[in-house]
Amino acid sequence: MWRFWKCIYLTYPASLTPSVSAFTKKPKSQTAEIGATVIFEAETEKPDVKVRWQRDSKDIASSYKYTISAEGNIHSLTINNIVQEDAVGYAVIAGVSKVKFELKINESEVKEPKKAVSPDPAVAESKPEEPKEAPPAPDTSGPTTDGVAPEGQSESHQPDTRQDLTGLFTEKPKSGEVNVGENITFIARVCGESLLKKPTVKWFKGKWMDLASKSGKHLQLKEHYDRNSKVYTFEMHIIAAKANYAGAYRCEVSSRDKSTSAGGKKKMGEAGSSTDAGEDSGELDFSALLKKRAVQVSTEPDVDVWEILQKAPPSEYEKIAFQYGITDLRGMLKRLKKMKKEEKKSAAFLRKLDPAYQVEKGHKIKLQVEVANPDAEVKWLKNGQPINPTGRYIFESVGNKRFLTINNCTLADDAAYSCMIGEEKTVTELFVKEPPVLIVRNLEDQMVMKGERVEFECEVSEEGAQVKWEKDGVELTRDESFKYRFKKDGCKHVLIINDVTKEDCGHYRVKTNGGQSLAELMVQEKQLEVYQNIADLTVKAKDQAVFKCEVSDENVKGIWYKNGVEVKPDARTHITHIGRIHKLTIDDVKPEDEGDYTFVPEGYAFNLSAKLNFLEVKIDFVPRQDPPKIHLDCMGRTAESTILVVAGNKLRLDVPITGDPAPTVVWTKGEKDSFKEGESRPEPRHTWTVKNGEVLTDSDGRVHVESTKGHCIFTIEGAERQDEGVYSVIVRNPAGEDTADINVKVVGYVLERKKKKSYRWMRLNFDPYKETTFEAKKMIEGVAYEMRIYAVNAIGMSRPSAASQPFVPVDRMTKPMLPKTAEKKPAEAPPADAVPDVPAETKEPEPEAPPPQEPAQEASAEAPAPPAEDATPAPSEDGASTGEAAPPGEEGAPSAEAPPEESAPPPEPEPEPKPVGTPTSEPIGLCVDDISDTTISLKWRTPERIGSAELEGYGVEYCKEGSDEWVPAFTGLTERTSVIIRDLPTGEKMQFRVRAYNMAGPSPPATLQQAVTIREIMQRPKIWLPRNLRQTLIKKVGETINLVIPFQGKPRPQVTWTKNDEPLDPKQVSIRNSDTDTILFIRRSERKDSGKYEVQVQIENVEDRANVTIQIVDLPGPPQNLKVVDVWGFNVALEWKPPKDTGNCEITGYTIQKADKKTMEWYNVYELYRRTNCVVSDLIMGNEYVFRVYATNMVGLSPEPCLSKDNHDFSEAPKFTHPLISRSVIAGYNATLSCSVRGIPKPKITWYKNKMDITNEAKYRMFSNQGVLTLEIRKPCPFDGGVYMCKAVNDSGEDIVECKLEVRHRQ
């Protein structure tokens, strides 16, 4: 019934609509000139009300044309540069209140929009003759409501202040015109996103005619639902329109607790015959409604027309309709008749079910009816199916009342319920409201290292609830890479991210229908180690400055800063990053380049700093000219000047030259052996010229010529046989000229070696070697070796040379140990294609094949082939297989021995040489790790080559800059690769070096690139507070607290801790400080440890502070003062007070338990109950019960409960729960006055008239039924009017209630 009255309320004329507006000041219509600016202002009651501005029923957004501003509760709309098109209707909306106003250009221009309202001249001329009446529909989308005010309305009432309750409509029906015989469609759209049920739609013509029954040939009603956009579309099609169809139509939509209506008008362009659109002829003819009447603004209070109509006799209907401006009398009478039918009393039910009930999910609800016959059998149905009594459905019968109780309601209980007695029934609808799913434990911010696994965990209030995960506003789903995994465990929901990367940083959000939680994920790179720090540099003008550092991660990028400003690469400044090495190179150093340079690795909280000092040197420039000069070891056409190249290889001639100014270089190539000494030089076949580094001529694409400072380079890609010849280089400048000839021959050498006692030769180079000297490496000290050489040219490889004399490699610092034969007489000259013996270095032992069974013999041409196991290729020290050393013609076989005629007699047997030790190579990566005013920290890495002897340790030395006196930093050796040197002079520039020692002695020293100034580098103190400590740290009593807070600062800052601005108690709290962090440790936390802790780091006058809030929580105390408030039927009402001690955190709920005194077995009634009062139901009548309540917080249940007392005082003073209501009755008919009262014990009731006791008067009858009091006055007369009072009294107090009774004469 309430929904019906709401719909009727929306169809009242404007004069009867209640005026409840959210605006205290409304905008008024204004008149302006074209090009001017107009401001409309509105003032709302509350400052936080959301206000929308509309133009022609469309929302206005801020732009250059419209300016929307809000200041407190003052809202304004500014229209700039007004044009003719701006003369339309505007509106401002706040909540459900809508105020309309208009903008006029001038008086002559206002008439044009009025004419546009009704383009039909016939309709426009008939308007002045219409009676003054409210428009048919209170809200239409046509221009008559949004545009010009109705005629006859005063200027002060032009703005329409009626409420625009159009919350359901997304599109309202629009007025339209149609010619006779054509079709027209009205469309209305409703947003169903917030609706629980499908809305109900009704179409009306005029105010009361429902068009649902008129569907037929000329009228069709359609509807459909779009699941994607969740929009309901309702359509009304008028087919083959006729003239009598013109009028005001209205669409009315309602849904459970919302309803709205919108109207439109249809106008006919041509008159036609009057025929029916459906079965009832003439009912669509409302041409009389087209007459317009002006609105009469009534100053009298609003009256309920329906109440007047229901009480009035039928003969008065027409008079009342005329008095209150109701034009659709026929439709009104139909609805009134229908209402009276619905109000027909039932013979079986004294009180029926309400039209609808609503209950929250998990709660219980009781449906109640009153039957006329107490013995009648009642049947309850759900969606037409009988309901059987169970634990959830309980049937009760108390007197003539029947109850259906539904416990623990679920969504399945959302249905239609009915109660039947015989054939008669009463129906209701139950709506189960699902409570919002709350997040009881929020997400926590996390900081992890790259590559780790992350889990975001939250806890919701209900098991099985649906949640949605988002990252930076984008919903997360399961993808093919299984990057994200979602896990449910009861009320817990977990988001798992595997192998996090930098791209996973961001804000992660979990959403439910009742809340959301946000957390941030930060991913850090792994800890970065510095292998080589950057050092201070002192350079001269025009020199090059190179800052170099080496870190442990080659993927780390960084930024270079100069005096705190980022360094950008340019023509002189180069920034490189190769592997783990970062370089900053500054060419052509200038005075402005001096300053402090810093390298900051990206993603790490430290930096490397050094200083560039500019050394200014004044040089007087005296220009001079030096003749050009070619610097070659040998020149001419001798055998020594011939260069051998393997065919197919690259030929590169690098000739050093000098000369000032820079000479011009000319390369020429002549015929092979085309001229002799003393003869004139023939014309060259090819010429290449280079000047200032640019090639002036280039005759062949394979030839490249380039010139650098002090060098001229000639390159041939893929040397061929025809490239042999004499190449001449000529250098010229104004001071002179120089020439050199180079003979190029395509040839090379291949070298092999073997141990003296082995038959297996190992190749030392796989590409032909073009030089005639070779240094062999990676040999074992004290072991005798032999060598032989192959010559290679464009055709192939020659036979090997005779093996060299055996030799033993020794350390360069020791005397070589040669075989005795070598000491007795000098070695014979080797053949032309052999390689002379050379000393060799050693690094690692060479893998050696098993020796043959026969004694070893010297290699000769007559020697038999080695055994098969000796010929098997084995990996060499160079990583290559020795089998590859065979010539091309003998691939896969051991190297051929020398021919018989070239073999030498085997040498005499010699004793095995004694191995000699070799020092290690120098340590690598020497750098400065840290420095202060008197100390320096150095570190380095082990040498690349250890040698045959074991490493004993390192020695460190230092000296002042400019001095050659090296001082040991400490006595003896150290085995560590880092050292701290103390007691150094402050401000001095010192140089440091490190040597590695073994049995053979010290290695070459590793020295810093430049001297280091002994001075502390000041660094501002900074506290790096971990993210988990930026919010309150919650710990349980007895848990250990260990806070590690890193900081930075040089020199070492002073650390101070305070709690609530007071010093800490050293007996309870332990503080440990280091150079990089401070630790607060509490072994067993107590409640008193809660508070705000502040840590301060200070260096001189510079300081930094950080706060950490710690909350120590414990179990709560028991609730207080549990008492039984009321007992009725099978129910008990309990009430208690919160505990005094909450455990230093919020009480999350209570656990209520009951126990029968006979068994004393406790059962849970409620868990995590939030309120401090409850009702315990389903008790057994006659039994005695005991109740207890536990308090619960985030730690757990309180150790002790609060028990109910045995003695309960249920006395209650009387209180009227329903008062007497003043009435006006007709004389001669019995009248009743009713009220209700409660009180324990049952109060005594006394009735009074004009303060006179009427208990014993026969004219009055008093009834009392379960607290409902009724006074019946038999056939009252005007004398019985007056003030009636009812008084209730018991031992606990009294209460009274009174009303007025008016008795009217019968008409």
Side-chain angles (χ1 to χ4, degrees), residues 3-4 6-12 52 54 56-59 89 91 93 96 98 100 135-147 160 162-178 182-216 218-239 241 245-267 277-278 284 286 289 328 331:
R3 287 160 50 192
F4 172 77
K6 185 171 182 181
C7 298
I8 298 301
Y9 162 77
L10 291 174
T11 59
Y12 280 166
R52 293 185 295 129
Q54 290 187 343
D56 275 346
S57 299
K58 296 181 180 179
D59 289 349
I93 301 174
V96 296
K98 180 175 182 180
K100 300 179 181 179
D139 185 2
T140 63
S141 59
T144 54
T145 57
D146 295 337
D160 186 359
R162 291 172 293 164
Q163 298 183 16
D164 185 14
L165 298 177
T166 58
L168 294 178
F169 281 110
T170 58
E171 180 180 340
K172 296 182 292 185
K174 298 182 180 180
S175 300
E177 297 180 0
V178 63
E182 295 181 355
N183 303 334
I184 189 171
T185 301
F186 293 94
I187 299 176
R189 289 186 172 89
V190 175
C191 179
E193 187 173 0
S194 61
L195 302 181
L196 300 176
K197 296 290 183 180
K198 174 186 173 183
T200 303
V201 64
K202 294 182 180 180
W203 293 88
F204 298 93
K205 181 177 182 184
K207 286 188 178 181
W208 311 109
M209 179 178 287
D210 191 344
L211 299 181
S213 60
K214 304 300 179 183
S215 297
H218 296 279
L219 179 66
Q220 295 181 3
L221 304 178
K222 298 181 179 180
E223 61 182 58
H224 67 272
Y225 175 64
D226 188 349
R227 295 185 179 274
N228 295 328
S229 60
K230 297 182 179 179
V231 173
Y232 293 91
T233 303
F234 304 99
E235 298 179 358
M236 180 177 70
H237 300 272
I238 298 178
I239 303 170
Y245 294 174
Y249 292 79
R250 178 165 53 88
C251 177
E252 180 178 296
V253 176
S254 61
S255 175
R256 184 181 291 184
D257 55 350
K258 296 183 180 179
S259 66
T260 184
S261 64
K265 287 189 176 182
K266 182 171 75 73
K267 302 176 183 178
L284 289 179
F286 278 82
L289 292 178
D328 191 2

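Rounded to the nearest 0.5 Å, atoms CZ (Arg250) and CE (Met236) are 11.5 Å apart. A distance of 12.0 Å separates CD in Glu252 from CH2 in Trp203, rounded to the nearest 0.5 Å. Distance check: Ser57 OG to Glu171 CD gives 11.5 Å after rounding to the nearest 0.5 Å. The NZ atom of Lys205 lies 8.0 Å from the CG atom of Leu211; values are rounded to the nearest 0.5 Å.
The minimum heavy-atom distance linking Lys98 with Ala91 is given by the pair CE-CB, 3.6 Å. Across Gly192 and Tyr232, no two heavy atoms sit closer than the pair CA-CE1, 3.7 Å. Nearest heavy atom pair, residue Thr170 against residue Cys191, reads CG2-CB, 3.4 Å.
For Asn183, the side-chain contact (heavy atoms from CB on, under 4.5 Å) test picks out Ile239, with sequence neighbours left out. Residues meeting the side-chain hydrogen bond (donor to acceptor under 3.5 Å, both in side chains) test with Glu223, sequence neighbours left out: Lys198. Every residue two or more places apart in sequence or in another chain that forms a side-chain contact (heavy atoms from CB on, under 4.5 Å) with Thr233 is listed here: Ile187, Arg189, His224, Val231, Glu235.
The aromatic rings of Tyr249 and Phe186 sit parallel to each other, their planes meeting at less than 30°, with 60° as the upper class boundary.
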| request: Any chance you could lay out the side-chain contact (heavy atoms from CB on, under 4.5 Å) test for Val178 and Ile238, step after step, and finish with the verdict? | output: CA-CA 10 Å; Val178 63; Ile238 298 178; over 6 Å; no
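Of the residues listed (His237, Lys222, Gln220), the one engaging Thr185 in a side-chain hydrogen bond (donor to acceptor under 3.5 Å, both in side chains) is His237, and it is the only one.
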